[in-house]
Participant: 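So that we are looking at the same thing, I have put the structure below in structure tokens.
Bear in mind the structure is a predicted one, so any value in this text is a computation, not a measurement. Sequence lines set the chain letters: A, B, ... in the order given, protein chains first and strands last, and positions in each chain run from 1.
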There are 2 protein chains.
Amino acid sequence: MLHEEVVGRIRDILLDGEIPPGARIPERELCERLEISRTPLREALKVLAAEGLVQLLPHRGSRAAKLTDKDMRDLFEVCQGLEALAGELACERITDREIADIAAAHAAMVQHYREGDLIQYYRGNRAIHEGIVNAAGNPVLAGLYASVTARIRRARYVTPMTPQRWALAVSEHEAILNALQRRDGAGLSHILRAHLRHKREEVLQAGFAETESSEPTLKIA
Amino acid sequence: MLHEEVVGRIRDILLDGEIPPGARIPERELCERLEISRTPLREALKVLAAEGLVQLLPHRGSRAAKLTDKDMRDLFEVCQGLEALAGELACERITDREIADIAAAHAAMVQHYREGDLIQYYRGNRAIHEGIVNAAGNPVLAGLYASVTARIRRARYVTPMTPQRWALAVSEHEAILNALQRRDGAGLSHILRAHLRHKREEVLQAGFAETESSEPTLKIA
DNA sequence: TGGATCATTTTTGAATTCAAAAATAGAGAT
DNA sequence: ATCTCTATTTTTGAATTCAAAAATGATCCA
């Protein structure tokens, strides 16, 4: 198994929430499961720590990173900036073909919305945002975006998606597609910011708090 | 020596250009120099590879990453976006004290300009940009910014700094400080973008090309 | 003499081993 | 019984070792 694959596998395990935020990372188990020794596992953990998904505590192992409200706010803020930038660049560079693909993804997403299929809706939603970022034609940007969105998604917040919020999100997506088709960079950038701001408000308002599941609260001396 | 320190030491060695872009990373030598074994060294190299400073070639070792013109353009583009975002956020959050510090750094930088001390000028320039990014109060943003600027700086491009360019840069910095003092987020963001765009044009126009120093060009079969 | 093939050396990647640090368990004292 | 201190176990971090892959170089043939 290649180094990058090990990193990817563990990243997925973390993103799937299989190891909840704040929980210890069981080295031994992961070694057995991935059928590797501790050396490559630990290399991967250090990489994931640099990415912000894992927290290393000297001499007492590693844990799945736990995000505070502040962390979440910061991540959204950066995500917003990256998407806005991607939107502007995409409008300069996107091909008709790519626009058509995103339009198709949009239509599919709207269909999922009509059917009330939240999971599929989210999937489609993500595909559109990633499509825009990729259309920016900037791998550095795409990489940072992937890293930031991964950390956001990491926190399996369960935002109660109200019909109002959902409808708003869909209408915003209509505007996004529209700006993209018009190749209106400034407009797209503006809409994307608003879209992300709304999402962030949802998440934080919903009382995002990464509850400590495996660590007792410290008693004060 | 702590893991993070090892990463930092090697990062510095790369940023100092001690190992030129494209050159093989001498594992053995680095081990001796840092007085560590291969295990922690290799952990650090994988982290630096994830950061984009090192290129890992399966079964044939690691090299100092070499940037193409496209890479450089992409990095500048993202750097621009991050600084613009930082500028906007900084205007919302910066304290009078922080403004005063940046103003002082600006004055010092202008003095270095007058004295024609390019090295000190660059140092001051960097301090100002970092000051703005830090004033944004977003560690995630600061981290990404550090990573991107490191990669840019990594490429020891030698831009011939003409008097005209230098004067323009200084006048842009006047405008930057001004916008910051007025806490004009949109204005600051706009100026920062222009400033970075000019810098990028300089670098790329100057024919940035990471000349291959240690690898013969492949002969076409 | 030039080039191809095979043996040797070197280097890489990963498992194992080892020492130090931390966690745990147990004994003794209060 | 509970707390504390110590001995034991476990876990962590890093050096070493080992196998596989690649690079090197030597030999043989045209």
Participant: CG of L57(B) versus P of dA21(D): gap in Å, rounded?
Facilitator: 17 Å
Participant: Rounded to the nearest Å, what distance is computed from the CZ atom of residue R42(B) to the C1' atom of nucleotide dT17(D)?
Facilitator: 14 Å
Participant: Please determine whether a side-chain nitrogen of the Lys or Arg among E77(B) and R93(A) lies less than 4.0 Å from a carboxylate oxygen of the Asp or Glu.
Facilitator: yes
Participant: A side-chain contact here means heavy atoms from C-beta on lying under 4.5 Å apart; do K66(A) and Q55(A) qualify?
Facilitator: no
Participant: Nearest-Å distance, NE2 (H59(B)) to P (dA20(D))?
Facilitator: 11 Å
Participant: Angle class for the Y121(B)/W166(B) ring planes (parallel below 30°, perpendicular above 60°, tilted otherwise)?
Facilitator: perpendicular
Participant: Starting at CZ of R38(A) and ending at C1' of dT17(D), how long is that distance when rounded to a whole Å?
Facilitator: 16 Å
Participant: Please work out if L41(A) contacts a base, only the sugar-phosphate, or nothing of the nucleic acid, heavy-atom cut-off 4.0 Å.
Facilitator: nothing
Participant: Judged by each residue's nearest nucleotide on DNA chain C, which is more toward the 5′ side, R28(B) or K46(B)?
Facilitator: R28(B)
Participant: On DNA chain C, nearest-nucleotide positions of P40(A) versus I25(B): which is more 5'?
Facilitator: I25(B)
Participant: Rounded to whole angstrom units, what separation is found between the CD1 atom of I36(B) and the C1' atom of dA14(D)?
Facilitator: 10 Å
Participant: Can you measure E43(B) atom CD to dA14(D) atom P for me and round it to whole angstrom units?
Facilitator: 7 Å
Participant: Can you check the E32(A) CD to dA14(C) C1' distance for me, whole Å?
Facilitator: 17 Å
Participant: For R151(B) and E51(B), indicate whether the former's side chain and the latter's backbone hold a donor-acceptor pair under 3.5 Å.
Facilitator: yes
Participant: What about T39(A), does its side chain sit under 3.5 Å from the base of dA15(C) through a donor-acceptor pair?
Facilitator: yes
Participant: Determine, for R33(A) against E18(A), whether the closest basic-nitrogen to carboxylate-oxygen distance falls under 4.0 angstrom.
Facilitator: yes
Participant: Would you kindly give the CZ-to-P distance between R24(A) and dT11(D), to the nearest whole Å?
Facilitator: 8 Å
Participant: Which nucleotide in the set dT17(C), dA14(C), dA15(D) lies at the smallest distance from any side-chain heavy atom of S37(A)?
Facilitator: dA14(C)
Participant: Is any side-chain nitrogen or oxygen of R60(A) closer than 4.0 Å to OP1 or OP2 of dA23(C)?
Facilitator: yes
